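What you are looking at is a predicted structure, and each value in this text was computed from that prediction instead of being measured. The basis for the numbers below is simple: all heavy atoms, side chains too, and nothing from hydrogens, waters or symmetry mates.
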Amino acid sequence: MLYRPLSRVFSLTAALLAAAAPLAAEAPKKYSQAQDMAYGAVLYEYFQGNYFDALSTLLVARERDAIKVHSDNAALIEGGISLGFGLRQRAATLFEQQLQNSDGDSETDARLRRVAWQKLAELNYLQGDWPLAAEQLQKSGAASESGLELNLALRRGDFAAAEVALKAKSLSLEQRVLGNINLAAALAREGQLSAAAARYTQAAKLARRGDDSEEMRVLADKAYTGAGYAYALQEQHSEAMEAFRQVRLQTPWARRALLGLGWSAINSGQYKAAVDALQYLVDNHGDSAAAREAMVALPYSYEQLQRPGNALAAYHSAEQHYHAVLTELEQLQNSIASTEFAAADGVAQRYGWLQLAEAPPLVQDNRRYLRPILQSDKFQLRLSELRDLRQLSQVIEAWQEKLPHFAHLIDARAQRHQTIVENYHSAQFDQQMQIAEQQYHQLDEFLGRIEKDRDGLALLAAQDSEMLSLLRRAEENYKVLEKAGRARESQGKTLARARGILLWQASEDYHHNLWQQRKQLLKLDEQLHQAERQRRNTDLVARRAPQLNRLHAQVSEAGPQLSAQRAAITRAADLIEASIRKDVIAELQRERTQVQQYMAHSRLAIARLQDAAMQAGPAAETQEGGEDE
């Protein structure tokens, strides 16, 4: 069944990582946590079950060479996820590279190689690549300890090798039971029914001697059912009936066992036992395929018991049932023609990939007619592929919706870039830079003269002193008055005294005022350097401008690419869905043909019994009715 390989796909990676764990203990340096951030992100997504995101993160990290310390384990994870996505060749390449990198001298390396080859062999066996599985199992060196050797021998038809493999002491009880059942089935396919019956019986005895778990009971039921049919095909009906009677009535194998018991009883002339088994099957499993066949065998048993009334009633009941089934099958077939087997739900469940897909409700509700195809690995695999393709189409559709937003963001960034470049290359910016440079040089020259002459008063004037401005205006007014002959000597003395006071104050604050001017000069210098750096950065952005153009071109190209990919996915999904629908309809048609044969047989038997009753006359009918009662 398909659920087995899918449920074990990622257990391979876990087993390999467990085998590789001692490497940290043997290495010179031990790590208690991930040393590469990218590897930590991969582990987080992996153990969350987000395998698609884990693989994407891993591939991006590999392109950026972001995983250095844990590169070996990262390759193992990539291999395991690749297997889950069906990339077997890629996974095999990764695992073989890792296995070749280990010299196999240390115990840890040997264990790593052993587990890796053994798990790869198991997965390739489940995928149906028997030769590759056999080759990898031999490389593992664990052929004698694995139940896989037995299954590979059966696939080759080498029953002698299978017998030897089945005697391996390392096999668990469950593996022995399953091995005997598989060997028995292979023998039965080759027509060696006696040997098959013996193997089935051996498997049942082993299961009975094992623990009292439900799994062992089901295996015993399966083995007894197989043994019963092997005996029945050899016309050893007593042994067949005994085997069928060992099957529990509450087991999934009960319907097949009851049907086999009924036919074996009929073929051995034990019609009462046949009626009991077949009637129980019809009453308790009326919707099953086995019950539909039993509805033909049951009235035949009544006929053999000389109970034509019961037989006629059973044939009429069977006819009515078959008519209802045919009507239902026809309606179901018409509905299947328009059923979507993996309808899009509007949300791309990316984390559901690699899990089994559920059949649509219409198919699930009618599993009594479609059980064989629902149990088929091929059907389940195609259904999962169809589901994954539909979800991938939704992911692409979501990206198509995002592309216009990406293009808008790129255009906005390009416009912002253009505005910045224009601002820093405009004449106004250049003029401001020239003015700032002139101010810097003027201030620098002025401070140089101040320091040379130690002109505190000039420095005070540069500070925009209010007292100095008042003094200078007063001195100018005094000169005007003096020319007019109206100046007084006391006024001149007052102005001289005020200038002396300001000169003394300028001398006292000389260093402080000089420091303030130097601070202003440094600030202006920093502003000039910052403007120059900004200009260089702008020039760098200008040189990188073609990257935006390429990005915009890539977004523009992505639209047609995504459309083409989505169209290709839709075509592939439509082909798979058409194939699934064709097989489902074929299964319904096969079931319909079988039921039509049952109905034709029932109608012929009804006509035969009614004709016999008419020829026998009323007396015979009355006698018959009394016997039936």
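- With respect to the salt-bridge test (charged N to carboxylate O, under 4.0 angstrom), the residues Glu577 and Arg390 qualify.
- More than 12 heavy atoms of other shown residues, nucleotides or ligands fall within 6.0 angstrom of atom CD in Gln304.
- Residue pairs satisfying the salt bridge (charged side-chain N to carboxylate O under 4.0 Å, His left out) criterion with at least one member in residues 189-209, sequence neighbours excluded, are listed as follows: Glu163-Arg199.
- Side-chain contact between Met241 and Gln270 is present, with at least one heavy-atom pair separated by less than 4.5 Å.
- In this structure, Asp158 contributes its side chain and Ala161 its backbone to a donor-acceptor pair below 3.5 Å.
- Leu166 contributes atom CG, which lies 12.0 Å from atom CD of Glu149 (distance to the nearest 0.5 angstrom).
- The shortest heavy-atom contact between Ala186 and Phe159 is CB-CE2, 3.7 Å.
- Listed here is the closest heavy atom pair of Asp287 and Arg368: O-CB, 3.3 Å.
- Contact annotation: the side chain of Leu386 never approaches that of Arg382 to less than 4.5 Å [non-hydrogen atoms, C-beta and beyond].
- With 3.5 Å as the limit, one finds no donor-acceptor pair spanning the side chains of Thr251 and Arg217.
- With a 6.0 Å radius and a threshold of 12 heavy atoms from other residues, nucleotides or ligands, Gln597 has its CD atom above the threshold.
- If you take CD1 on Ile336 and CG on Asn366, they are separated by 7.5 Å, rounding to the nearest 0.5 Å.
- The backbone N or O of Lys378 sits less than 3.5 Å from a side-chain atom of Ser376, completing a donor-acceptor pair.
- Taken to the nearest 0.5 Å, the OH atom of Tyr200 stands 9.5 Å off from the CG atom of Leu183.
- Within the 4.5 Å cutoff, the side chain of Arg592 has no heavy atoms near those of the Val325 side chain.
- Side chain of Ser602 to backbone of Tyr598: a donor-acceptor contact under 3.5 angstrom is found.
- Remark: Glu214 engages Arg248 in a salt bridge, criterion side-chain N to carboxylate O under 4.0 Å.
- Checking side-chain atoms of Asp611 against main-chain N and O of Ala607 turns up no donor-acceptor pair under 3.5 Å.
- When side chains are defined from C-beta on, Lys582 does not count as touching Ile585, because their heavy atoms never get closer than 4.5 Å.
- When only modelled atom types and interatomic distance are considered, Asn334 and Glu330 share no side-chain donor-acceptor pair under 3.5 Å.
- You'll find the side chain of Leu259 stays beyond 4.5 Å of the side chain of Phe244, heavy atoms only.
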message: Please evaluate residues Val247 and Leu258 with respect to the criterion side chain to side chain contact (heavy atoms under 4.5 Å, CB included), reporting the C-alpha separation (whole Å), side-chain torsions for both, the decisive distance (0.1 Å), and the verdict.
response: CA-CA 9 Å; Val247 180; Leu258 287 168; over 6 Å; no
task: Please report the C-alpha distance between Leu152 and Arg156 in whole Å, then the side-chain angles of each, then the deciding distance to 0.1 Å, and finally whether the side chain to side chain contact (heavy atoms under 4.5 Å, CB included) criterion is met.
output: CA-CA 6 Å; Leu152 288 170; Arg156 296 193 304 266; 3.9 Å; yes
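- Across every non-hydrogen atom of Arg581 and Ala337, the tightest pair is NE-O, 3.3 Å.
- In this structure, CZ on Phe341 lies 6.5 Å from CD1 on Ile580, to the nearest 0.5 angstrom.
- Here the closest non-hydrogen pair linking Ala223 and Ala203 is CB-CB, 4.0 Å.
- Using a 4.0 Å cut-off between a side-chain N of Lys or Arg and a carboxylate O of Asp or Glu, Arg292 and Glu591 qualify as a salt bridge.
- Between the side chain of Thr225 and the backbone N or O of Asp221 there is at least one donor-acceptor pair closer than 3.5 Å.
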task: Walk me through it: do Trp253 and Val218 pass the test side chain to side chain contact (heavy atoms under 4.5 Å, CB included)?
output: CA-CA 8 Å; Trp253 300 97; Val218 171; 4.0 Å; yes
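- Under a 4.0 Å N-O distance rule, the pair Asp276/Lys272 qualifies as a salt bridge.
- Applying the side chain to side chain donor-acceptor pair (under 3.5 Å) rule to pairs touching residues 254-266 yields Trp263-Glu293, sequence neighbours excluded.
- Residues Gln589 and Glu587 have side chains not in contact (no heavy-atom distance under 4.5 Å, counting atoms from C-beta outward).
- At distances below 3.5 Å, not a single donor-acceptor pair connects side-chain atoms of Gln246 with backbone N or O atoms of Ala243.
- The CE atom of Met295 lies 9.5 Å from the CD atom of Gln279; values are rounded to the nearest 0.5 Å.
- The minimum heavy-atom distance between Val275 and Leu305, with the atom names listed, is CG2-CD1, 3.8 Å.
- Between Leu588 and Leu370, some side-chain heavy-atom pair lies under the 4.5 Å cut-off.
- By the side-chain contact (heavy atoms from CB on, under 4.5 Å) test, Arg367 is found to be paired with Gln364, Arg371, Leu374, residues two or more places apart in sequence or in another chain being considered.
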field: Gln202 vs Leu206, side chain to side chain contact (heavy atoms under 4.5 Å, CB included): CA-CA, chis, key distance, verdict
entry: CA-CA 6 Å; Gln202 177 67 16; Leu206 286 173; 3.9 Å; yes
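- Between Glu235 and Asn267, every side-chain heavy-atom pair lies at or beyond the 4.5 Å cut-off.
- Taking OG1 of Thr327 as the reference point, atom NE2 of His323 lies at 4.5 Å (rounded to 0.5 Å).
- There is no side-chain donor-acceptor pair under 3.5 Å between Tyr315 and Glu319.
- The two residues Leu278 and Leu298 come nearest to each other via the heavy atoms CD1-N, 3.7 Å.
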